[in-house]
Protein chains: 2
Amino acid sequence: MKDVAHHAGVSTATVSRVLNGHATPTPETRARVLAAIEELGYRPNALARSLRTTSTKTFGLLISDLVNPFFAEIARAVEEEARAHGYCVVLANADESAEQQATYVRALLDRRVDGLLVCPATDDPSWLDEVIASDVPLVLLDRTVQGATCPVVRADGAQALADLAQCLIRAGHRRIGVIAGPADTSTGRERLEQFSAALGGLAVDVVHGDFRRASGARAAAELMDLPERPSVLVAMDNLMGLGALEELRRLGLVVPADVGLAVYDDQPWFPLLDPPITVIAQPTVEMGHAAARSLLALIAGEQPSDVQLNARLIERGSCGEVDRG
Amino acid sequence: MKDVAHHAGVSTATVSRVLNGHATPTPETRARVLAAIEELGYRPNALARSLRTTSTKTFGLLISDLVNPFFAEIARAVEEEARAHGYCVVLANADESAEQQATYVRALLDRRVDGLLVCPATDDPSWLDEVIASDVPLVLLDRTVQGATCPVVRADGAQALADLAQCLIRAGHRRIGVIAGPADTSTGRERLEQFSAALGGLAVDVVHGDFRRASGARAAAELMDLPERPSVLVAMDNLMGLGALEELRRLGLVVPADVGLAVYDDQPWFPLLDPPITVIAQPTVEMGHAAARSLLALIAGEQPSDVQLNARLIERGSCGEVDRG
DNA sequence: CGACGACGAGTAATCGATTACCGGCGCAGT
DNA sequence: ACTGCGCCGGTAATCGATTACTCGTCGTCG
């Protein structure tokens, strides 16, 4: 920058003013400076600028599991919306681990991100204090944490789960196996509760997984090994649904003849299976956009309210009809 | 930091020395400083540190399309390896657009990333100059660019494509439709060339897509609309494969009875389709890891060589047998 | 007992920007 | 012609670290 100033015969202050579009510099001074910048191929050092202005134009996005296409899609949407507003996104992947998450929160705060988007891996709220202490705007995505006082963006699956319950009951299912998410995540608990509630008195067999593929397979195996087999499985996450499908295939069980299957969270390939899988679709992209917008609002000093976007049931035929003998 | 120094009754220099594990400070001084840090909840400002040390412990990762699970997986692997070495990853998504890519390269350089991993959206090498001028270590991932003098990490599909060609010929296919990638990407060109070469003299019908879903559908429609229909389609990317599958479904065509299908780049759901899809699997995770490691080596001043990891054919039965009447 | 070496810790320059404050110049009013 | 007001642009402090250089002190050796 000193070089540019010298080259243009002005001071660094003037260069800075030109760079930041201040009204002060004369058109010709401005031109000289711009020419010097061009000639020297000068690029301002964003670090120095950020140090001075305390703004990095960067968001931190902490995802609980990037292998999960649901989160990958969210990451994409967040990045898209952020970019549209001139922000970069630093991506961090907690791999569903609480410690990793805490480590990353710290790393992102240290890098002075202007805002933080977090899909909490667990309910453990310890990391929250650090964020609050640092005064960095925070938005929670997909999952909540107890005691969080920040905006939350998530999908509301209550209605969709109720619809699914209806649909299963109507199809004659009476033994339902649920592959639930971890009990220490809000989505893990809520989906199970809402689904159970919608079934009225009907009991379900529940096995908890961890929102990952292998756990879906294990859970499916366990459920199909019960003395009284479920006639349909409900996987509360696309990866566990994938694992369940693989396990059913391995066991030689045919969907929906031997056992039905429904999955929470749609993926493009579900309709291509035979039979196409009945799912609850989440508005992934909208969630990512909404979260980024909430964060921008927070940064602008507004008080964005929570966002709840509706998930919805898409019946495709993988739940079958039970023979009422 | 001044507060900490004052609180511990030392100078900022000493605080800094404690923080950076220098040998100098006495154990008791060290203890006093650490106590003060703890008490005040002090966290060092990474920006200031980076400004001084010219190291951000951050990689920039420029992906050509984050919707593509292939790249999402790569991103995950890169992030994983980077984290293992104490680096963060700033993620940028070019959406297969050259301008976007150039913009992002600049943004990442301005943020003084310690290294850059790029999956080039196109062959356009204009952005390369800026990177070279900035002296930031660069590694190319998945795709090359002409005139690039940096390490490249990619999958070598020649053998797998030759195997696929053999497999199709043996199955009796004589009219092969290829849904190729864009001609202005190295992967787009190479896969097509290598496949054609392996077919010997046999001509193929080629439609170029853009590595995205919709283009796969369009290409499939176009190919199936030819006067002499191909008996098998080869999609050179998983998203185009997905699009093709959707289009074939829409047209009421059954795989492999009406038309066979093979896809470049495996995805976990391909084996679940009926029939399971024959694919060429790429070592995605290894590519991500290798790329991050190459970058680390570059930063360490070494001269890592290019990495070529073998893709391999996985026959699953979606290519069928042609009736030899 | 004096001097020198070693080591711990402080002073201050520096990284590359932003910006409050101030000086100088030109123009207008009386 | 002199004063005053504006406006352009320079000087220098500042953001929060790192680190070369220096100083003071203590221990040891001759």
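These numbers were taken from a predicted model, which means no experiment stands behind them. Naming: A, B, ... by sequence-line order, numbering from 1 per chain.
- Sequence order on DNA chain C of the closest nucleotides to B:Arg52 and A:Ser16 puts B:Arg52 first from the 5' end.
- Taking a cutoff of 4.0 Å between a charged side-chain nitrogen and a carboxylate oxygen, B:Arg143 and B:Glu96 qualify as a salt bridge.
- Between A:Arg83 and A:Glu79 there is a salt bridge, with a side-chain nitrogen of the basic residue lying less than 4.0 Å from a carboxylate oxygen of the acidic one.
- With hydrogens and angles left out, the side chain of A:Arg49 and the base of C:dT18 share no donor-acceptor pair within 3.5 Å.
- Rounded to 10°, the angle separating the first-five-pair axis and the last-five-pair axis of the helix from C:dC1-D:dG30 to C:dT30-D:dA1 equals 60°.
- Rounded to the nearest 0.5 Å, atoms OG1 (A:Thr122) and CD (A:Gln101) are 6.0 Å apart.
- Phosphate contact (OP1/OP2 of C:dA9, side-chain N/O of B:Thr29, threshold under 4.0 Å): present.
- To the nearest 0.5 Å, the span separating CG on B:Leu61 from CG on B:Leu141 amounts to 7.0 Å.
- A sub-4.0 Å separation between OP1 or OP2 of D:dG10 and a side-chain N or O of A:Thr14 is present.
- B:Arg76 and B:Thr284 are not linked by any side-chain donor-acceptor pair at a separation below 3.5 angstrom, with hydrogens and angles left out of the test.
- Rounding to whole angstrom units, CZ of residue B:Arg43 and P of D:dC15 are separated by 21 Å.
- In the set C:dA17, C:dA9, C:dC15, C:dC15 carries the atom at the smallest distance from any side-chain atom of B:Leu51.
- With distances taken from any side-chain atom of B:Pro25 to the nucleotides C:dA9, C:dT18, D:dG9, the minimum falls on C:dA9.
- Computed from coordinates, the B:Arg112 CZ to C:dA17 C1' distance equals 11 Å when rounded to whole Å.
- Using a 4.0 Å cut-off between a side-chain N of Lys or Arg and a carboxylate O of Asp or Glu, A:Arg43 and B:Asp110 qualify as a salt bridge.
- Distances shown here put every side-chain N or O of A:Asn45 at or beyond 4.0 Å from the OP1 or OP2 atom of C:dC15.
- By the neighbour-count criterion of 12 heavy atoms within 6.0 Å, atom NE2 of B:His22 is densely surrounded, having more than that number from other residues, nucleotides or ligands.
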Protein N or O to nucleotides 20-25 of chain C N or O, pairs below 3.5 Å:
none

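- Between atom CE of residue B:Met287 and atom SG of residue B:Cys119 there is a gap of 7.5 Å, rounded to the nearest 0.5 Å.
- Remark: C1' of C:dA12 and NZ of B:Lys2 are 13 Å apart, rounded to the nearest angstrom.
- Atom OG1 of B:Thr56 sits about 3.5 Å away from atom CG of B:Asp114, to the nearest 0.5 Å.
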